[in-house]
Amino acid sequence: MQADLDRRRPGQSRITTPRKETDTCKILSGTYEGMTTGTPIHVFVPNTDQRGGDYTEMAKAYRPSHADLTYDLKYGVRSVQGGGRSSARETIGRVAAGALAKKILKLKSGVEILAFVSKVHQVVLPDDRVDYETVTLDQIESNICRCPDPEYADKMIAAIDKVRTEGNSIGGVVTCIARNVPRGLGTPVFDKLEALLAKAMLSLPASKGFEIGSGFAGTDLTGSEHNDEFYMDESGNVRTRTNRSGGVQGGISNGETIYFKVAFKPTATIGKKQNTVTRDHQDIELRTRGRHDPCVVPRAVPMVETMAALVLMDQLMAHSAQCEMFPLNLALQEPVGSANSTPVLAPDVA
């Protein structure tokens, strides 16, 4: 848990919020001598560097493009200090739980989930600069931007530094890959795997867009150009020669690497003057104080990994309960086994 919380915490570099939080987690229940007991796990992560006074102006006026207004419209009251549930602090619980999901997925099926920054403002990492099958966590974590390409990482850091010194903010894109995902996860119609992933990603603070596989670029292709042709590999498994589907077809995982992108908007709270209105409906100029991220995407990387892990873990459990309760049709299905076990190959069908 702590390793992922450290990647999420504020104050980790000059291109994140200067707020200093160690985000040290303490497990209060649910484990014994390093093992889970099956009871709920209570994780406690205290705030140690909060400044309630930084939110004085925001108590009276709405920050443009923030949740201040809509929370008032819905509830008639809101948490001013820190932003309440609209704050990215709420993702601590997600990341802690996601660490467990990632471990279970790895132990059960060898699933590996990695995310990295692929765009900051107008600095775009070309897709061919990263091999989704071989990129490593060490490459991603080699710089403060979490971009696995050093050349583009430097450009992204420079772009964030520029707006940081100007009191402004910029957005970006996080790419996520999931390797070794078992076949058969997801269900038709309403709970398609890509639909669940999209919902999870768009629940993250500041997220504004989601695409999987070829995404919107796929609309530029014809069917013959876009289709992923099948073939039999040397182990007797059905594979695809290309992966424009992003590892999901018909809402169900096909065993290929799942990859998708999540867009994050510029941080709403900035140090520049902006026109807004007060809670009593007066037009004013607002300059906010506080310590906020000039770009959220470097810290969003572990959050995206977390939500992917939680979705895949849910779907793995659902698949095991629904499809492995009775004997499998081994001519077509394969059991979800340990990462160290050899998959059962389909027998010959007369």
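Here the side chain of E324 pairs a donor or acceptor atom with the backbone of V336 at under 3.5 angstrom. A donor-acceptor contact shorter than 3.5 Å links the side chain of T136 to the backbone of Q139.
Contact of the I15 side chain with the D293 side chain is not registered, since no non-hydrogen atoms from C-beta on lie closer than 4.5 Å.
Taking every heavy atom of both residues into account, L125 and V117 meet most closely at CD2-O, 4.2 Å. For the pair N227 and R244, the tightest heavy-atom approach, listed with the atom from each and the gap, is O-NH1, 3.6 Å. When all heavy atoms of C25 and M1 are compared, the pair lying nearest together is SG-CB, 4.1 Å.
Every ring-ring contact (aromatic ring centres under 6.0 Å, His included) that F260 has, sequence neighbours left out, goes to F210. Remark: Q282 pairs with no residue by the side chain to side chain donor-acceptor pair (under 3.5 Å) rule, at least two apart or across chains. R7 is linked by a salt bridge (Lys or Arg N to Asp or Glu O under 4.0 Å) to D4, E141, E305, counting only residues two or more places apart in sequence or in another chain. S118 meets the side chain to side chain donor-acceptor pair (under 3.5 Å) test with T175; sequence neighbours excluded. D131 meets the side chain to side chain donor-acceptor pair (under 3.5 Å) test with T134; sequence neighbours excluded.
Identified under the salt bridge (charged side-chain N to carboxylate O under 4.0 Å, His left out) test for residues 196-221, with sequence neighbours left out: none. Residue pairs meeting the ring-ring contact (aromatic ring centres under 6.0 Å, His included) criterion with at least one partner in residues 220-244, sequence neighbours excluded, do not occur; the list is empty. Residue pairs meeting the salt bridge (charged side-chain N to carboxylate O under 4.0 Å, His left out) criterion with at least one partner in residues 110-125, sequence neighbours excluded, are E112-R179. The salt bridge (charged side-chain N to carboxylate O under 4.0 Å, His left out) analysis of residues 157-177, with sequence neighbours excluded, yields the pairs R14-D161, D161-R164, K162-E166. Applying the ring-ring contact (aromatic ring centres under 6.0 Å, His included) test to every pair with at least one member in residues 113-142, sequence neighbours left out, gives these pairs: Y132-Y259.
Hydrophobic clustering, defined by side-chain heavy atoms of Ile, Leu, Val, Met, Phe, Trp and Tyr closer than 4.5 Å, groups V277 together with Y62, L69, L73. With a 4.5 Å cut-off between side-chain heavy atoms of Ile, Leu, Val, Met, Phe, Trp and Tyr, the cluster of F326 takes in M325.
Using a 4.0 Å cut-off between a side-chain N of Lys or Arg and a carboxylate O of Asp or Glu, R279 and D72 qualify as a salt bridge. Salt bridge D68/K60: absent, no basic N to carboxylate O contact under 4.0 Å.
To the nearest 0.5 angstrom, H66 atom NE2 is 12.0 Å from T276 atom OG1. The NZ atom of K102 sits 10.0 Å away from atom CG of L310, with the distance rounded to the nearest 0.5 Å.
Figure legend: K74 and Y71 shown without cation-pi pairing, the cationic atom not lying both under 6.0 angstrom from the six-membered ring centre and within 45 degrees of its axis.
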If you apply the rule salt bridge (charged side-chain N to carboxylate O under 4.0 Å, His left out), what do you find for E151 with R129, and how did you get there? CA-CA 10 Å; E151 177 186 344; R129 299 284 289 220; 2.9 Å; yes
Begin from the C-alpha positions of T278 and D280 and carry the test side chain to side chain donor-acceptor pair (under 3.5 Å) through to its verdict. CA-CA 5 Å; T278 62; D280 57 1; 2.2 Å; yes
